[in-house]
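Shown next, in structure tokens, is the structure this report addresses.
Note that this is a predicted model, so its numbers are computed, not measured.
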Amino acid sequence: MFILGLLYCLTGSVFYLLFTTELIVPENELANMRLILLFLMLPVFIKYIVQLAAAPWYSFLEKRQNFPSTLERSPRVSVLIPAWNEEVGILKTIHSVLNTHYENLEVIVINDGSTDCTDALVSEFLTRYKNQKTEQNKADFQYLCLSNGGKAKAMNAGLKQATGEFIVTVDADSVMDSSAINAIIGRFDDPKVGAVAGNVIVGNRKQPLALLQQLEYLYGFFFKRADSVFNSVYIIGGAAAAYRRTAIDRVGGFDESIITEDIEMSTRMLANRYKTRYAADAVVFTEGPSDWKSLSQQRLRWKYGRLLTFIKHRKLFFNAKLGNPYLSFLILPIAVYADISLLLEAFLLAAFYGYAIYTNDYLPLACVIVFVSTMICLQIACDSKARFHRNILCLAPVAWVLFYVIDAVEVQALYRSLKRLIKRQSIEWQSWSRVGLLHNSIAPKTTATPDESPLIDPELILNSIEQKMELSSRS
């Protein structure tokens, strides 16, 4: 609260200086500074203008196409859950998938050589699940226990076993909303749609770092609405992704040479002229890193994988024949331009704030604050889980400062990625300390309602495993 108070004071001081200080007319050399900074940021401004203009059309198209009722049947869906040392959250993830009660469901858990209790937990769960299988709890369940080979290899192993017309992926540290599968599959009404992104929300929101990530995810995922209008969602994260099986077979399985196999797959779909969409109401809650080191490592993986993806699919840039103009001439080039700007951000910010303080010209900064604050309030109001996001309304006025913190994390990830790219070093599938998503507003209920048979309680399985381990140690 103390830090938040300081940030509010900082924001208030900007408006105080705007209305109480007299503007100093700069000399010729400094007069051009404002224009130069504006010119450097112009590509990003153009992107925001296009996306903000297109975003309202997302809701219009959703209502017009009446998602997800366009599907007249319940096609076979295979949910892949790759796991590496996920003993903390794996049962909650499985339970949440089963809690969707999708009529034609197959669940495949792929254990990629975990060295913790993941195998024991899933095996015990599977035994109990088969014994308690009922009409309300009739999803087919497969468990693959592999030697460690990386996430992409684990996903490909799951694909070989999957029998569904559609493939849904969810990370083993995530919790799926009860309507997520129906919502995400409904977007495949067009046979040209190859992949759909779900709405990922950071669920462990009690710590300041988690709140920061919750704000970041909310802000970033909102603009996927515009990407979806143009059928060009190029980042479809594995925490909430769905693919048409025929499309994924046509383009090939997941690329095992790129650490962000999910981003590469969605970009490859676009390179093969498939449409990609976003389902704002297909919600998956994920656990964000709880410490700075883990967050830095996560962003390193994302940044490095995206750079490799851009290099592999460089023909998509400025090429309307492969991708549509929105993707090839706006989104992808500006994504690279934004990374270049990150490398120079320290110098650009120094010039921007130095000019503002020297000339008392605080109007541009005040406009940025108002714009960002308004956007966050709008995004919260438009999100399908608006009530869940009400806790970050208080961050809207100071978000302009908080985003600098995220930028700092991104800068270190970019520098480290470029260093690895030059040295041709790889990055392994990472894991970090987790606490699990146990908040009542996120985790599905483990007790049965009067109208349905009980699903397996994860706590019972944990207790069973602990008892067996205790007996084993005594013997």
Side chain to side chain contact (heavy atoms under 4.5 Å, CB included) assessment of Glu410 paired with Val405: CA-CA 9 Å; Glu410 294 292 327; Val405 179; over 6 Å; no

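- In Ile3, the CD1 atom is not crowded: 12 or fewer heavy atoms of neighbouring residues, nucleotides or ligands sit closer than 6.0 Å.
- In summary, Asp173 and Lys92 do not engage in a salt bridge, as defined by a charged side-chain N under 4.0 Å from a carboxylate O.
- Note: Gln213 CD to Leu295 CG = 5.0 Å, rounded to the nearest 0.5 Å.
- Using a cut-off of 4.0 Å between Lys/Arg side-chain N and Asp/Glu carboxylate O, Asp383 and Arg390 are scored as not salt-bridged.
- Considering every non-hydrogen atom in both Ala242 and Phe188, the closest pair reads O-CZ, 3.5 Å.
- One finds no salt bridge joining Lys385 and Asp281 here, because no Lys/Arg side-chain nitrogen approaches an Asp/Glu carboxylate oxygen to under 4.0 Å.
- No side-chain heavy atom of Leu215 sits under 4.5 Å from any side-chain heavy atom of Leu211.
- Across Ala54 and Phe230, no two heavy atoms sit closer than the pair CB-CE1, 3.6 Å.
- Applying the 6.0 Å contact sphere to NZ of Lys275 captures more than 12 heavy atoms from other residues, nucleotides or ligands.
- Under 3.5 Å, the side chains of His389 and Gln379 contain no donor-acceptor pair of N or O atoms.
- Across Arg187 and Ala280, no two heavy atoms sit closer than the pair NH2-N, 4.2 Å.
- Comment: Glu106 does not engage Arg245 in a salt bridge, judged by the lack of any side-chain N to carboxylate O separation of less than 4.0 angstrom.
- Ion pairing of Asp227 with Arg277 is absent here, as no side-chain N (NZ or NE/NH1/NH2) approaches a carboxylate O to less than 4.0 Å.
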Val107/Gln142 under side chain to side chain contact (heavy atoms under 4.5 Å, CB included): CA gap, chis, key distance, verdict: CA-CA 6 Å; Val107 181; Gln142 294 189 54; over 6 Å; no

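- Aromatic pair Tyr243/Phe254: ring centres closer than 6.0 Å.
- In this structure a side-chain-to-backbone donor-acceptor pair under 3.5 Å is missing from Lys224 to Gly198.
- The two residues Ser373 and Pro397 make their nearest non-hydrogen contact at OG-CA, 3.3 Å.
- A salt bridge does not link Arg268 to Glu261: none of the charged side-chain nitrogens sits closer than 4.0 Å to a carboxylate oxygen.
- Ala139 approaches Leu98 most closely through the heavy-atom pair CB-CD2, 3.8 Å.
- Listed for the Arg306 side chain is no donor-acceptor partner under 3.5 Å among the backbone atoms of Arg301.
- With no hydrogens or angles considered, a side-chain donor-acceptor pair links Asp119 and Tyr143 at under 3.5 Å.
- Between the side chains of Ser179 and Asn182, no donor-acceptor pair of N or O atoms lies under 3.5 Å.
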Steps toward side chain to side chain contact (heavy atoms under 4.5 Å, CB included) verdict (Leu343, Asp339): CA-CA 7 Å; Leu343 295 174; Asp339 281 342; over 6 Å; no

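- With hydrogens and angles left out, the side-chain atoms of Gln412 and Arg416 include a donor and acceptor closer than 3.5 Å.
- Under 4.0 Å is where a charged nitrogen must lie from a carboxylate oxygen, and between Asp190 and Arg244 no such pair does.
- Using a 4.5 Å heavy-atom threshold, the side chains of Met265 and Asp255 count as separate.
- When side chains are defined from C-beta on, Leu159 counts as touching Leu80, because their heavy atoms get closer than 4.5 Å.
- In the model, Asn111 has a side-chain atom that pairs as donor or acceptor with a side-chain atom of Ser114 under 3.5 Å.
- When all heavy atoms of Val251 and Met269 are compared, the pair lying nearest together is CG2-CE, 4.4 Å.
- In this structure, CD1 on Ile81 lies 10.0 Å from CG on Asp171, to the nearest 0.5 angstrom.
- Donor-acceptor pairing under 3.5 Å is lacking for the side chains of Arg420 and Tyr415.
- With a 6.0 Å radius and a threshold of 12 heavy atoms from other residues, nucleotides or ligands, Glu103 has its CD atom at or below the threshold.
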side-chain hydrogen bond (donor to acceptor under 3.5 Å, both in side chains) assessment of Asp291 paired with Ser294: CA-CA 6 Å; Asp291 60 83; Ser294 297; 3.0 Å; yes

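- Between the side chains of Thr163 and Arg76, at least one donor-acceptor pair of N or O atoms lies under 3.5 Å.
- A donor-acceptor contact under 3.5 angstrom links the side chains of Asn324 and Ser232, judged on distance only.
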